[in-house]
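Down below is the structure, laid out as structure tokens.
Hydrogens, waters and symmetry mates play no part in the numbers below; they use all other heavy atoms, side chains included.
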Amino acid sequence: MLATIQKQQNSYVVKFNRPLSHSVDAVWAVLTENDKLQKWMNNLEIIDLQKNGKIHFNMNDGTNAYKEIAITDYAEKNVLEFNWGKDTVRFELSPTSSGSILVLLETIGELTDHTPKDLAGWHICLDLLSDLLNGTVHDEFPMEEWQKRFAEYTQLVDDVEKI
């Protein structure tokens, strides 16, 4: 299921909605425990899990280089929000009768040529997160699937820009 993009007054909000057949505890663990987090988003490393805490975005290029990311909002087993360049990424987690629902909201100041790449990346990462919860770990990033999603998000961004 593709994300939706809504134009706000001075920004865009991208919403990924993922119903999961796993408990809030299980989903929270794959969002916040580095040994699990890095199986679906290998660049991220939680350093200080709290509001005003930090995450490292590791370059994974053999240099140990990283960018520090500020955690801007946090509520245990409910909200994890952090800066993403000039934008913001927010995970919201809620229980449902059949497991939980994970919502990823990315607030974007400006749509650029990079936006569809970023959105396709988040889409694939959420697929990998879901697969991990279901017991499947991928050895490599599924580039072919990303290419497909990139084309879909390019069209979606083009459509939103026409509005």
Assess, by modelled atom type and distance only, whether the side chains of Thr136 and Asn134 contain a donor and an acceptor separated by less than 3.5 Å. no
Test item: Asn58 side-chain N/O and Asn60 main-chain N/O as donor-acceptor pair under 3.5 Å: no
Do Asn34 and Glu45 have side-chain atoms, one donor and one acceptor, less than 3.5 Å apart? no
Do Asp118 and Trp84 meet the criterion of a side-chain donor-acceptor pair at a distance under 3.5 Å? yes
Are side-chain N/O atoms of Asn52 and Gln50 paired as donor and acceptor at under 3.5 Å? no
My understanding is that only one of Asp159, Leu119, Thr115 makes a side chain to side chain contact (heavy atoms under 4.5 Å, CB included) with Ile5; could you say which? Leu119
Spell out, yes or no, whether Ile101 and Leu128 are grouped together once hydrophobic residues are joined by side-chain heavy atoms under 4.5 Å, including indirect joins. no
Would Lys67 and Phe57 count as a cation-pi pair here, with the cationic atom under 6.0 angstrom from the ring centre and within 45° of the axis? no
Should the pair Lys39-Asp131 be classified as a salt bridge under the 4.0 Å nitrogen-to-oxygen rule? no
Parallel, tilted or perpendicular: which describes the rings of Phe91 and Trp40, with under 30° parallel and over 60° perpendicular? perpendicular
Answer yes or no: are there more than 12 heavy-atom neighbours, outside Asp113 itself, under 6.0 Å from its atom CG? no
Do Asp87 and Glu106 come close enough that some side-chain heavy atom pair is under 4.5 Å? yes
Taking Glu68 for the side chain and Ile55 for the main chain, is one N or O donor matched with an acceptor at less than 3.5 Å? no
Just wondering, are more than 12 heavy atoms of other shown residues or ligands nearer than 6.0 Å to CD in Gln8? yes
Tell me whether Glu145 is salt-bridged to Arg149, with the criterion being a basic N under 4.0 Å from an acidic carboxylate O. yes
